[in-house]
Asker: 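Let me give you the structure first, and then I'll get to my questions.
Since this is a predicted model, take the numbers as computed values, not measurements. Values below: all heavy atoms of this structure, side chains included; hydrogens, waters and symmetry mates excluded.
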Amino acid sequence: MILTVTMNPSIDMAYPVKHLEIDTVNRVANVRKTAGGKGLNVSRVIALMNRPITATGVLGGYFGQYIEHQLDLTHIAHSFTHIDQETRNSIAILHDDGDQTELLEAGPVLTAEDTAAFLKHFESLLESADIITISGSLPGGLPTDFYAQMIAIADQHHVKVLLDASGEALKAGIAADIKPLLIKPNETELAALLHTPVDKHNYPALKQHLSSPVFAGVEWIVVSLGAAGAFVKHNTDFYKVTIPKINVVNPVGSGDSTTAGLAMALEAGEDDATVMKTAMTTGMLNTMEAETGFVNPDLFDEYFAKVTVEKF
Ligand code: ADP
C-alpha cells in the first residue's frame, strides 16, 4: 500500500469570475469545491490508477469532515488524525483572461498534543505501508524538521519516503542523517537549495547542480520540466526524459500526478526507465484533464509508449 501524507489539506474553492471588481459585490455562479492539498492530488491519481492507497495527515472540524466525505465519494481510503480546529479553505479566483488570484489560509496551528497524536498514528500506519509520499507545506506549530522526523520514523520500519516539499522543510529533509528516497525539486527550489541561479534548459549545468554535496545520499532527484519532460538523477546515473507534444487543458497538479506515478512504479520495484516513464505519463494525463489531480487510466499505455529515456 502507498501511504500519502497531507499535513495541511484544504478545501480548494475555484471561483470563476469575468472580472474581479474591488470594493463591491462579485457574484459567482459556478463554484467548484474539491478536497485539496498536494498530497490529496497524489492520492486521487493513485486511486484512479487503481492502486492501493491510504491518505493520512491532519483534519479538523466540519471542513475536515467535508474532505473525508469527498474522499469517500471518490473511493479514496483515508485515515487522518483529527484535531480540534477547522481545516482551512484555499480560494482561487479564476479570471476570464486566464489569470488566477489565490487567497490561501494559513490553516490550523497544531498543538504539542496534536503533533504527538499524529506521529503515533503515522507510526501505526507504517505497518501496512510499502512506500510513503509526503507533499506540501507544514501547518503552523510544527518544526521545520518535522518531515525529517517522519522520514527517520519511517526508516525504523524500513519504509522509504518520497518528499515533495519546498523551502526550509525540504532543506531540513535532505540535511538530516536519514534521507528521503526521492525528492522532486523544481528550478526555484534547486536555486534556493544551492544558492545559485538555475537554468532548467541547460542540462550539463543541471547535471552539475544535482551532483552537489547538498544532495548526497538522496537516491533519486527528479527535476520535472513541464512540456520538456524531466531531468533525473538516480544514484550515479543521469537521465534526460522526453515527452510527446500533447493538448494541455489544465497543468495544475501535474507535479503531484508525477509524484503519484513515481510512488506507483517505485512501490512495484520497476526499473529506472519504467519509473520515469510512469511518472511522466501520469503527469501528462493530468494536464489533459480539466480537473486538478485527475487522470484517465485508459490513456496510460498509449502515452507511456511515447516517453523516451536517454542516459545523459
Ligand atoms: P510542477 O507542477 O511541479 O511544476 P511540471 O510542470 O514540471 O511540474 O509538470 C510535471 C509533469 O507533468 C511534466 O514532467 C510532464 O510530464 C507533465 N506536464 C506538465 N506540463 C506539461 C505540458 N505543458 N505539456 C506536456 N506535459 C506536461
Asker: Output yes when a side-chain donor or acceptor of Asp130 lies under 3.5 Å from a complementary backbone atom of Ile2, and no otherwise.
Answerer: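 Not confirmed, Asp130 side chain does not pair with Ile2 backbone.
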Asker: Kindly say whether Ser257 contributes a backbone atom to a donor-acceptor pair with the side chain of Asn41 at under 3.5 angstrom?
Answerer: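 The answer is no, because no donor-acceptor pair under 3.5 Å joins these two groups.
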Asker: Starting from the C-alpha separation in whole Å, work towards a yes-or-no answer on side-chain contact (heavy atoms from CB on, under 4.5 Å) for Leu119 and Gln149.
Answerer: CA-CA 9 Å; Leu119 285 177; Gln149 289 180 35; 4.1 Å; yes
Asker: Quick one: OH on Tyr147 to CE on Met7, what's the gap to the nearest 0.5 Å?
Answerer: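 Atom-to-atom, Tyr147:OH and Met7:CE are 6.5 Å apart.
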Asker: Rounded at 0.5 Å granularity, tell me how far OH in Tyr203 sits from CG in Leu225.
Answerer: 5.0 Å
Asker: Within this structure, what is the CE-CD distance for the pair Met1 and Glu127, rounded to the nearest 0.5 Å?
Answerer: 10.5 Å
Asker: Drop me the distance from Asn26's CG to Asp23's CG, to the nearest 0.5 angstrom.
Answerer: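 One finds 10.5 Å between CG of Asn26 and CG of Asp23.
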Asker: When you measure from the side chain of Asp114 to the backbone N and O of Thr111, does any donor-acceptor pair fall under 3.5 Å?
Answerer: yes
Asker: Are Thr133 and Thr259 close enough that a side-chain donor and a side-chain acceptor fall under 3.5 Å?
Answerer: no
Asker: State whether the side chain of Arg51 and the backbone N or O of Ala260 hold a donor-acceptor pair below 3.5 Å, judged by distance alone.
Answerer: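 No; zero donor-acceptor contacts below 3.5 Å.
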Asker: Test your reading of the model: is there a side-chain donor-acceptor pair from Lys33 to the backbone of Met13, 3.5 Å cut-off?
Answerer: no
Asker: I'd like to know if the side chain of His201 reaches the main chain of Ala228, judged simply by a donor and an acceptor atom lying under 3.5 Å from each other, with no hydrogens or angles considered.
Answerer: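 No, His201 side chain to Ala228 backbone: no donor-acceptor pair under 3.5 Å.
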Asker: Do His19 and Asp97 have a side chain donor and acceptor closer than 3.5 Å?
Answerer: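 Their side chains do not contain a donor-acceptor pair, so the 3.5 Å distance test is not met.
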Asker: Quick one: do Leu3 and Leu48 end up in the same hydrophobic cluster if we chain Ile, Leu, Val, Met, Phe, Trp and Tyr together by side-chain heavy atoms under 4.5 Å apart?
Answerer: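 Looking at the clustering, Leu48 is in a separate group from Leu3.
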Asker: Starting from the C-alpha separation in whole Å, work towards a yes-or-no answer on side-chain contact (heavy atoms from CB on, under 4.5 Å) for Asn250 and Glu291.
Answerer: CA-CA 7 Å; Asn250 173 17; Glu291 202 178 319; over 6 Å; no
Asker: Just one of Thr6, Thr4, Ile132, Leu125 clears the side-chain contact (heavy atoms from CB on, under 4.5 Å) bar with Thr56, so which one?
Answerer: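 For Thr56, the side-chain contact (heavy atoms from CB on, under 4.5 Å) test succeeds with only one of Thr6, Thr4, Ile132, Leu125, which is Leu125.
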Asker: Assess the residue pair Asn296 and Tyr303 against the criterion (side-chain contact (heavy atoms from CB on, under 4.5 Å)); give the C-alpha distance rounded to whole Å, side-chain angles, the decisive distance to 0.1 Å, and a yes or no.
Answerer: CA-CA 11 Å; Asn296 177 355; Tyr303 284 88; over 6 Å; no
Asker: Compare every heavy atom of Thr282 with every heavy atom of Val295, then report the nearest pair and how far apart it is.
Answerer: CG1-O, 3.5 Å
Asker: Classify the ring geometry of Phe118 against Phe122: parallel below 30°, tilted from 30° to 60°, perpendicular beyond 60°.
Answerer: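 Ring orientation, 0 to 90° scale: parallel.
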Asker: Distance check, rounded to the nearest 0.5 Å: Thr115 atom OG1 versus Ile83 atom CD1?
Answerer: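 Here the rounded value is 9.5 Å.
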Asker: Give me the atom names and distance for the closest heavy-atom approach of Arg44 to Ile76.
Answerer: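 For Arg44 versus Ile76, the nearest heavy atoms are CA-CD1, 3.6 Å.
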Asker: Whether the side chain of Lys233 engages the backbone of Asn235 through a donor-acceptor N/O pair (distance < 3.5 Å, no angle test) should be reported.
Answerer: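 Yes, Lys233 side chain to Asn235 backbone: donor-acceptor pair under 3.5 Å.
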Asker: Is there a donor-acceptor pair closer than 3.5 Å between any side-chain N or O of Glu289 and the backbone N or O of Val249?
Answerer: no
Asker: When rounded to the nearest 0.5 angstrom, what is the spacing between CD in Glu105 and OG in Ser10?
Answerer: 8.5 Å
Asker: Examine the side chains of His234 and Glu219 and answer whether a donor and an acceptor come within less than 3.5 Å of each other.
Answerer: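 Note: His234 and Glu219 side chains meet the donor-acceptor criterion.
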Asker: Show the numbers, then the answer: is there a side-chain contact (heavy atoms from CB on, under 4.5 Å) between Phe231 and Leu210?
Answerer: CA-CA 10 Å; Phe231 191 78; Leu210 301 192; 3.9 Å; yes
Asker: Using side-chain heavy atoms (C-beta onward) and a distance below 4.5 Å, is Leu193 in contact with Phe215?
Answerer: yes
Asker: With sequence neighbours excluded, what pairs up with Phe300 under the ring-ring contact (aromatic ring centres under 6.0 Å, His included) test?
Answerer: Phe304
Asker: Taking Glu189 for its side chain and Ser166 for its backbone only, find out whether a donor-acceptor pair lies under 3.5 Å.
Answerer: no
Asker: Checking Asn286 side chain against Gly293 main chain: does a donor-acceptor pair fall under 3.5 Å?
Answerer: yes
Asker: Determine whether Arg88 and Pro139 make a side-chain contact, defined as any pair of heavy atoms from C-beta on separated by less than 4.5 Å.
Answerer: no
Asker: Val218 and Pro180: which non-hydrogen atoms are nearest, and at how many Å?
Answerer: CG1-O, 3.8 Å
Asker: For Ala172 and Ala148, work out which heavy atoms get closest and say how close.
Answerer: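 Closest heavy-atom pair between Ala172 and Ala148: O-CB, 3.7 Å.
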Asker: How close do Lys207 and Ser211 get, heavy atom to heavy atom, and via which atoms?
Answerer: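 Of all heavy-atom pairs spanning Lys207 and Ser211, the closest is O-OG, 2.7 Å.
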Asker: Decide yes or no for Phe294 and Thr74: does some side-chain heavy atom of the first lie under 4.5 Å from some side-chain heavy atom of the second?
Answerer: no
